[in-house]
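Note that this is a predicted model, so its numbers are computed, not measured. Convention: sequence-line order gives letters A, B, ...; per-chain numbering from 1.
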Amino acid sequence: MPRLTPYLLVAPLIAFIAVFTYIPIVTSLDLSFREWDFLSPEKPWVGLANYRQLFASHSFWQAVWVTAVFVVISVPIRLGLALAVANLLLRETRGSRILRAALFLPSVTSTVSIAVVFSWVFATDVGLANAALEAVGLPRLRWLQDPTLALAVIIIVNTWKQLGYDIIIYIAGLQAIPTELYDAASVDGGRRFHVFRRVTVPLVMPTTYFLLVVSVIEAFQIFAIVDVMTHGGPAGATNMLVVELYKIGFSLFDIGQGSALAVLLFVLLVALAIFKARVLGRRVHYEA
Amino acid sequence: MRRDALALIAGLIFLSPVLYSIWMSFQTSDAYYTGGMEFTIDNYVRAIGQFGFARYLLNSVIVSGVVTLAGLMVAVMAAFAFARFSFRGGNLLFGAVVATLMIPSHISLIPNYLTLAKAGLLDSYAGLILPAVANGFAAFFLRQYIRGIPVALDEAAYMDGATPLQVLWRVIVPIARPAILSMGLFIFIGEWNNYIWPLIATGDKDLYTLQVGLARLYRINPGEGFLDWPLIMAASTITLLPVLAGFLLVERHLVRGITMGAVK
């Protein structure tokens with residue numbers, strides 16, 4: 001067999017990832033040390049100036065803060081809810097299959113559609129949320145115009161979209177727990193919540209670690225929901241890192257500073273991914 | 001039985017915003033704003049005719065379709081090589097493919113925009129398709145799957161004088177079909193719902209995909225002063241329904257594929 005065969009077979013894939021994944025990392029790094037507006041013929045080397053500008057900019061730190069708040073609040077809510085629901089839907093009944101499918105549906109649905117639909121739900125004048133508040137005698141809220149509420153809405157919508165994925169993964173994780181352990185716990189007279197806390201939660205920990213890292217990485221990259229629903233506003237209250245990157249790179253065409261932000265975010269996310277592969281990878285696999 | 005009914009109701013409540021948006025898309029704007037009920041398909045007629053959604057739908061079908069077919073082809077060939085041949089640098093290259101799973105896509109936005117601008121491929125199908133063709137997860141997943149197929153089958157075919165490509169096409173692909181189909185579905189759904197890249201790579205309306213077209217329609221606010229929600233919901237339904245329908249057809253396949261990736 002010709003020795004070239006395997007090389008020819010992998011060549012197209014390798015060429016694509018080289019051009020569109022690996023070379024761009026180097027390009028971004030290089031551009032982050034230059035000043036460029038995309039149009040001018042010169043790209044002068046400016047050293048760390050872009051990074052310094054970034055660190056001096058209010059809207060960068062705002063994006064860091066908002067993203068951090070988003071991650072810290074939304075991830076525990078997602079995982080907590082998902083574990084509780086997964087625990088309820090563990091048995092293979094028709095009802096549980098229907099509900100699993102319904103909960104999973106949003107995670108394969110267009111994010112832009114979801115963002116548009118929830119823009120209606122939280123619209124001040126005609127929205128479902130305010131109709132519900134009025135029905136119980138409460139005043140209307142300006143959901144997407146109020147800084148705190150707007151971020152809360154983004155968290156709600158993102159949770160609604162991602163919950164089904166977390167649940168499916170948790171169900172797979174829970175099913176790997178040997179039933180004898182449950183039996184033993186209930187023979188000991190354990191109440192349901194007691195069993196959940198003392199048996200389920202610790203034994204499903206590998207899955208929790210996995211989901212924790214996956215959802216943190218993904219939360220750092222949220223873009224479509226914010227872009228459609230709030231555009232980062234009001235007053236930057238939902239301005240997250242990738243939204244800021246889009247703004248700097250593709251509205252202001254400050255290629256240097258945009259690349260600097262991309263590099264910083266890249267280093268952070270790759271560190272998280274390596275942490276997941278190295279440290280958690282072992283823990284996730286030891287028991288299945 | 002009662003628990004099943006309860007589960008169904010809970011599922012419907014959970015999905016109610018989307019279900020209601022589909023229902024709203026069949027209402028006249030007047031009826032919607034005055035609280036009446038009047039069935040119409042006019043919103044779809046306007047979304048498709050006046051607001052370009054026929055074109056966006058076509059673009060989404062073309063882009064997602066080509067990305068899926070090209071992506072599968074490239075991934076299957078590489079997966080076959082990584083599963084069946086030991087060659088110099090093979091492990092290193094496979095490592096490079098798997099590592100792409102950890103590389104966040106935002107790092108390549110600016111460079112890919114520059115690359116395609118230089119090649120004159122912004123505002124073209126090629127510009128939308130090319131950056132999405134390589135799929136490290138599909139290559140990794142298929143390689144694991146192919147390794148589970150007995151090598152004896154390949155050897156028998158080689159004895160009969162088959163070439164590697166024939167072995168791939170006649171032996172491996174038919175056996176790996178379930179895995180290939182579920183990866184195809186993954187790629188298609190992911191690309192259909194892709195928003196940030198088409199947003200960056202297209203300025204020409206004729207090349208908008210559904211996602212970009214819908215986001216724009218919502219933002220330009222065609223109702224003059226008030227939002228024409230029934231029209232927007234018709235556009236949103238056109239955007240989400242194909243994938244929703246596809247998902248309901250193959251739900252089990254998909255869920256199995258996802259959990260395979262996450263929990264061993």
Distance-only check: which donor-acceptor pairs under 3.5 Å involve side-chain atoms of residues 91-103 of chain B, not counting sequence neighbours?
| residue | atom | partner | partner atom | Å |
| --- | --- | --- | --- | --- |
| B/T100 | OG1 | B/V97 | O | 2.5 |

query = Taking it one step at a time, do A/F250 and B/Y113 satisfy ring pair (Phe, Tyr, Trp, His ring centres under 6.0 Å)?
reply = CA-CA 10 Å; A/F250 296 99; B/Y113 179 83; 5.2 Å; yes
Derivation and outcome, side-chain contact (heavy atoms from CB on, under 4.5 Å), residues A/Y246 and B/L199 = CA-CA 10 Å; A/Y246 178 79; B/L199 180 69; 3.5 Å; yes
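Contacts of B/R84 with chain A are absent, with no heavy-atom separation under 4.5 Å from either backbone or side chain. B/A139 touches chain A through its side chain: at least one heavy atom from C-beta onward sits under 4.5 Å away, while N, CA, C and O do not. Neither the backbone nor the side chain of A/F220 comes within less than 4.5 Å of any heavy atom in chain B. Heavy atoms closer than 4.5 Å to chain B are found in both the backbone and the side chain of A/L265. When heavy atoms are compared at a cutoff of 4.5 Å, B/F14 approaches chain A by way of both its backbone and its side chain. Residue contact with chain B, scored on non-hydrogen atoms closer than 4.5 Å, involves the backbone and the side chain of A/F266 alike. The contact between A/L13 and chain B is made by backbone and side chain atoms together, counting heavy-atom distances below 4.5 Å. In this structure, the portion of A/I98 lying under 4.5 Å from any heavy atom of chain B is its side chain and not its backbone. Using a 4.5 Å cut-off between heavy atoms, B/S16 makes no contact with chain A at all. The contact between A/V121 and chain B is made entirely by side chain atoms (from C-beta outward), counting heavy-atom distances below 4.5 Å. With a 4.5 angstrom heavy-atom cutoff, A/V228 touches chain B via backbone and side-chain atoms both. Neither the backbone nor the side chain of A/L88 comes within contact range of chain B; no heavy atom of the residue lies under 4.5 Å from a heavy atom of that chain.
Rounding to the nearest 0.5 angstrom, the gap separating the OH atom in A/Y170 from the CG atom in A/L211 is 5.5 Å.
Taking the six-membered ring wherever Trp is involved, the centroid distance between the rings of A/F253 and A/W36 does not fall below 6.0 Å.
Among pairs with a residue in residues 212-223 of chain A, those fulfilling side-chain hydrogen bond (donor to acceptor under 3.5 Å, both in side chains) read A/R78-A/E218, at least two apart in sequence or across chains.
With respect to the salt-bridge test (charged N to carboxylate O, under 4.0 angstrom), the residues A/D227 and B/R219 qualify.
The choice from B/S21, B/P131, B/A81, B/G90 that makes the most heavy-atom pairs within less than 4.5 Å of chain A is B/P131. Contacts with chain A were tallied for B/L165, B/I107, B/L240, B/L114; B/I107 has the most, counting heavy-atom pairs under 4.5 Å. When the candidates B/M24, B/M233, B/Q211 are compared by the number of heavy-atom contacts under 4.5 Å with chain A, B/Q211 comes out ahead. Per-residue heavy-atom pair counts under 4.5 Å with chain A were compared for B/T239, B/I110, B/V243, and the maximum is reached by B/I110.
When B/T209, B/L109, B/T202, B/V212 are each tested for a side-chain contact (heavy atoms from CB on, under 4.5 Å) with B/W197, only one passes: B/L109.
The aromatic rings of B/F80 and B/F85 sit perpendicular, their planes meeting at an angle over 60°, well past the 30° parallel limit.
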